[in-house]
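Reading through the structure tokens given below for one structure.
Residues take their numbers from the sequence shown, with the count starting at 1.
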Amino acid sequence: MRTFNSGKAIDRLTALYAFSPRHISISNPPACFAPLAASVFPVLTALCLALCAPPAAAQDHPSPVTQAHPPIISDSDFDSALPSLDQTTAPPPGTPGELPPTVTKPAATPETPATSLPPVTASDDSELDAPLPPLAGYDVSPLPAASAPVVVAQISYTTDVTGLKDAGVASQFKDLSALETGKGKAANIAMVRARASEDEALILRLLNSRGYFDATVTTTLKPAPDPNRPVRAKLVAVPGPLYHFGLVAIDANPTEPPDLIRNALPLAQGDAIVADTVLAAEANVSVVMQQTGYPFVKVGARDIALDPTKDTGDYSLHVDTGQRSRFGGFRTDGKPAFSAAHVGELTRFSRGELYDNRKVNDLRDALVATGLFRSVSVEPVATDQKAPDGSDYVDLLVHQQAGPVHTLAAEIGYSTGEGLTATGSWQNRNKFPPEGALILTGALGTQQQSLTTTFRRSNAKKRDRTFQLSATASHNIYDSYEAYTTGISGTVSRSSTPLWQKVWTWSYGFDVEASRESNNLSHNATTLWQDYYYTDFPVRIGYDRSNDLLNPTTGYRLASQTTPQVSLSNGGSNVSEILDASSYYPVGQKLVLAVRGRIGTLLGGSLADIAPSRRLYAGGGGSVRGFAYQSLGPKDASGNPTGGLSVVEASIEARYRIGDIGIVPFIDAGQAYASATPNFSNLRVGVGIGARLYTNFGPIRIDIATPLDRQKTEPLLALYVGIGQSF
């Protein structure tokens with residue numbers, strides 16, 4: 001007989017009863033558990049009820065001390081109540097200790113889906129049976145906006161970051177920091193925490209990029225006890241040891257010369273592993289190899305194996321060199337402006353030269369400078385041709401997208417002495433391919449009118465060489481003379497442009513002119529007009545070491561123009577020689593001192609034999625500002641300038657720039673003389689100040705000047721407007 005006389009056992013059985021099958025729901029139990037559940041659970045339920053309800057006899061007649069806890073159920077009855085482990089069906093009714101069997105309902109048979117909805121029956125609620133009101137009866141207008149904006153509560157915070165200054169990343173962190181970008185304001189402390197987490201990752205990236213691969217960052221957020229005081233976000237960075245390069249190895253095919261890649265990779269054992277340095281070194285490998293015959297080089301992935309015990313990293317780089325190559329021919333595709341043959345005329349290299357990417361870039365710049373393309377690019381293309389030394393020939397493929405060829409332009413200007421002038425032009429830049437332009441230019445002003453037709457061939461059979469043929473008819477009225485002129489001129493030149501400034505420039509050509517001129521503007525002389533016929537052969541050469549064509553700040557320029565002239569009317573001849581020089585001296589970051597000098601002479605003829613339009617003058621913009629155009633020099637009895645046989649000029653400017661605005665005080669001096677040799681006497685001086693508006697194509701210039709020791713016939717103020725510096 002087993003007696004349960006332990007309070008703990010009773011407690012356990014009581015608890016088991018509390019979780020009887022009446023309170024347990026098992027979803028989809030396995031089939032093998034059904035007989036066991038049907039047999040065991042009723043028995044356990046009966047046991048629990050028997051244990052929890054005290055016997056009636058025990059209440060009326062307490063048992064002796066030795067029988068304080070009489071047996072509840074015999075062991076044989078308990079064992080007989082338990083089902084056999086091999087039993088798979090419920091025991092037969094009437095087994096001792098078993099509760100009446102539980103009736104199991106058969107599983108519900110799924111209903112067949114209805115083929116149609118059941119009919120709707122009327123309800124007892126008249127509101128439910130009433131039809132819905134039409135949609136048009138609803139008010140669909142939006143709700144009015146809130147009268148006052150929603151105010152989002154904010155907190156303030158301070159940022160304290162330490163440990164970055166010695167690593168050299170403090171300024172970078174400040175530029176990229178999420179906490180710094182927030183400017184000390186956030187919606188709540190969770191936002192501050194999120195920003196601090198971003199900055200932790202940022203600091204680690206920055207320190208890793210500087211070679212500190214064991215860096216750690218600790219973040220502390222300290223809320224303020226007073227809500228009106230800011231939260232303190234403190235980030236403490238510990239960079240750890242700085243890692244240096246151990247071995248530096250390169251995996252590549254042999255090159256010519258053998259040490260080409262190693263010399264192009266400026267990384268050495270013992271150098272700090274800095275990301276910027278590594279990236280720049282790898283980029284240098286690609287650049288140098290493309291400049292020394294390897295157009296298809298590919299710099300592969302790097303590998304840095306860190307050794308924490310030595311604070312070093314072994315570096316290796318894979319380089320796919322490609323085949324060593326030489327320049328071959330040319331190809332073109334797209335919408336071409338000209339043929340591949342003309343592309344070859346723009347190059348500064350010949351077939352068979354070792355490939356150099358700098359020369360390819362130079363060719364691309366020359367193509368852009370033509371102004372004929374909407375877009376243009378150049379790339380090397382491999383061929384099957386071999387050079388004598390075993391290297392490959394590569395062709396250059398030019399992708400052309402021709403742009404509009406017609407240009408219509410207009411400008412208007414004014415200067416004292418030359419008056420107001422409006423100029424317009426039309427051109428077809430590729431009327432006669434390749435690069436054969438037809439240009440029509442007209443000028444209409446108070447003191448000059450002209451019409452010019454020009455044919456210009458750029459890059460004529462050679463890079464940077466221009467051939468130009470022009471026909472001109474003009475009428476000029478100045479204080480010094482009045483002239484009606486027609487002429488034909490032709491030049492071959494190499495000139496600088498805003499897109500392509502050149503060190504050496506030159507030009508030579510011819511000019512045939514016929515003009516009717518008068519320098520006696522009082523119209524009282526018996527011989528009012530005189531006819532002149534000339535043939536000129538001008539030659540000009542220039543040397544430019546300045547840093548900019550329109551706005552030079554350093555360097556210098558030298559130029560010489562020699563013009564032999566032959567008079568077809570009287571058989572005389574003379575030679576004009578003019579020398580120009582200018583220099584530019586920067587003083588600090590904002591000031592540039594610029595000086596200019598000019599001297600010229602006419603040799604081989606008297607003043608009376610030379611047409612007024614071909615004599616030498618001084619005064620006006622580009623000469624001596626403050627004076628009327630061509631007003632300086634010898635004068636006739638009426639006080640009108642007659643021009644001279646020599647001229648001298650000098651200028652100095654202080655060009656002070658503040659952002660896109662500049663102030664330029666200046667002093668000009670000069671004079672023209674009747675003799676062929678200037679004597680530097682009676683120099684006239686003009687002083688003034690100018691304003692500059694600096695643009696992406698050059699400065700816009702406005703100068704105001706006045707003559708010193710001004711005479712009655714001279715202007716009080718002279719105004720000059722143009723593009724670019726005065727010299």
Side-chain angles (χ1 to χ4, degrees), residues 348 358 361-362 365-366 368-371 413 415 458-459 463-466 491 493-508 538-562 577-600 618 620-625 647-670 688-703 705 720-727:
R348 299 187 191 275
R358 290 169 295 186
N361 293 336
D362 176 76
D365 292 341
V368 172
T370 64
S415 66
S458 301
N459 299 307
R463 167 81 172 269
D464 297 330
R465 182 168 62 188
T466 301
T491 59
S493 64
R494 183 179 190 270
S495 303
S496 287
T497 66
L499 292 177
W500 200 265
Q501 185 178 358
K502 303 174 181 64
V503 175
W504 286 100
T505 58
W506 47 262
S507 67
Y508 62 88
V539 178
R540 186 182 186 279
I541 186 169
Y543 183 69
D544 188 350
R545 300 301 298 181
S546 65
N547 64 330
D548 192 90
L549 187 66
L550 297 177
N551 183 37
T553 57
T554 61
Y556 60 92
R557 297 173 181 170
L558 301 172
S560 170
Q561 179 163 323
T562 304
E577 177 65 36
I578 298 176
L579 300 175
D580 285 283
S582 59
S583 187
Y584 312 94
Y585 305 94
V587 181
Q589 298 295 323
K590 299 180 179 180
L591 180 64
V592 175
L593 295 179
V595 296
R596 177 186 71 91
R598 183 187 188 200
I599 187 170
S623 176
V624 184
R625 287 163 289 185
V647 67
V648 62
E649 297 171 358
S651 299
I652 183 170
E653 292 186 347
R655 301 171 181 172
Y656 187 77
R657 178 173 179 174
I658 306 174
D660 292 334
I661 303 296
I663 300 174
V664 183
F666 58 85
I667 301 174
D668 294 344
I689 190 168
R692 303 290 186 268
L693 175 61
Y694 292 93
T695 67
N696 57 356
F697 59 84
I700 298 175
R701 171 172 54 95
I702 302 176
D703 290 338
Y720 310 93
V721 180
I723 296 178
Q725 299 289 0
S726 57
F727 59 88

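- How far CG of D365 is from OG1 of T370: 11.5 Å, rounded to the nearest 0.5 Å.
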Assess the residue pair V587 and L593 against the criterion (side chain to side chain contact (heavy atoms under 4.5 Å, CB included)); give the C-alpha distance rounded to whole Å, side-chain angles, the decisive distance to 0.1 Å, and a yes or no. CA-CA 7 Å; V587 181; L593 295 179; 4.1 Å; yes
Applying side chain to side chain contact (heavy atoms under 4.5 Å, CB included) to I578 and R598, what does each step give before you reach the verdict? CA-CA 7 Å; I578 298 176; R598 183 187 188 200; 3.4 Å; yes
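- When the salt bridge (charged side-chain N to carboxylate O under 4.0 Å, His left out) test is applied to R655, the partners found at least two apart in sequence or on another chain are E653.
- Summarising the geometry of I689 relative to F666, their closest heavy-atom pair is N-CE2, 3.5 Å, with the distance given to 0.1 Å.
- A search for salt bridge (charged side-chain N to carboxylate O under 4.0 Å, His left out) contacts involving R494 returns D464, not counting sequence neighbours.
- By the 6.0 Å contact criterion, CZ on F697 is enclosed, its count of non-hydrogen atoms from other residues, nucleotides or ligands being greater than 12.
- In this structure, T491 and R540 have side chains that are not in contact, with every pair of non-hydrogen atoms separated by 4.5 Å or more.
- Two residues are said to be in side-chain contact when any heavy atoms from C-beta on lie closer than 4.5 Å; V503 and Y543 meet this criterion.
- Residues P552 and D548 come closest through the heavy atom pair CB-O, 3.5 Å.
- Put simply, CD1 on I658 and CD1 on I663 are 5.5 Å apart, with the number rounded to the nearest 0.5 Å.
- Not one N or O on the side chain of R545 forms a donor-acceptor pair closer than 3.5 Å with the backbone of Y556.
- The shortest heavy-atom contact between D362 and R463 is OD2-NH1, 2.9 Å.
- Note: W506 CH2 to W504 CH2 = 13.0 Å, rounded to the nearest 0.5 Å.
- Residues D544 and Q501 share a closest heavy-atom pair of OD2-NE2, 2.9 Å.
- Closest approach of P586 to Y584, counting heavy atoms only: CD-O, 3.9 Å.
- Residues N547 and T553 have side chains that bring a donor and an acceptor to within less than 3.5 angstrom of each other.
- With Y720 as the aromatic partner, R625 does not meet the cation-pi criteria of under 6.0 angstrom to the ring centre and within 45 degrees of the ring axis.
- Judged by distance alone, the side chain of S496 and the main-chain N or O of K502 form a donor-acceptor pair under 3.5 Å.
- More than 12 heavy atoms of other shown residues, nucleotides or ligands fall within 6.0 angstrom of atom CD1 in I661.
- Note that the OG1 atom of T562 and the CG atom of L579 stand 7.5 Å from one another [nearest 0.5 Å].
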Decide yes or no on side chain to side chain contact (heavy atoms under 4.5 Å, CB included) for D668 and R596, but give the supporting numbers first. CA-CA 9 Å; D668 294 344; R596 177 186 71 91; 5.5 Å; no
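- Considering OG of S583 and CZ of F727, their distance stands at 10.0 Å, rounded to 0.5 Å.
- Rounding to the nearest 0.5 Å places CD1 of I541 at 8.0 Å from OG1 of T505.
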Passes side chain to side chain contact (heavy atoms under 4.5 Å, CB included), R692 versus R657? Steps please. CA-CA 8 Å; R692 303 290 186 268; R657 178 173 179 174; over 6 Å; no
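- The two residues S458 and T466 make their nearest non-hydrogen contact at CA-OG1, 4.2 Å.
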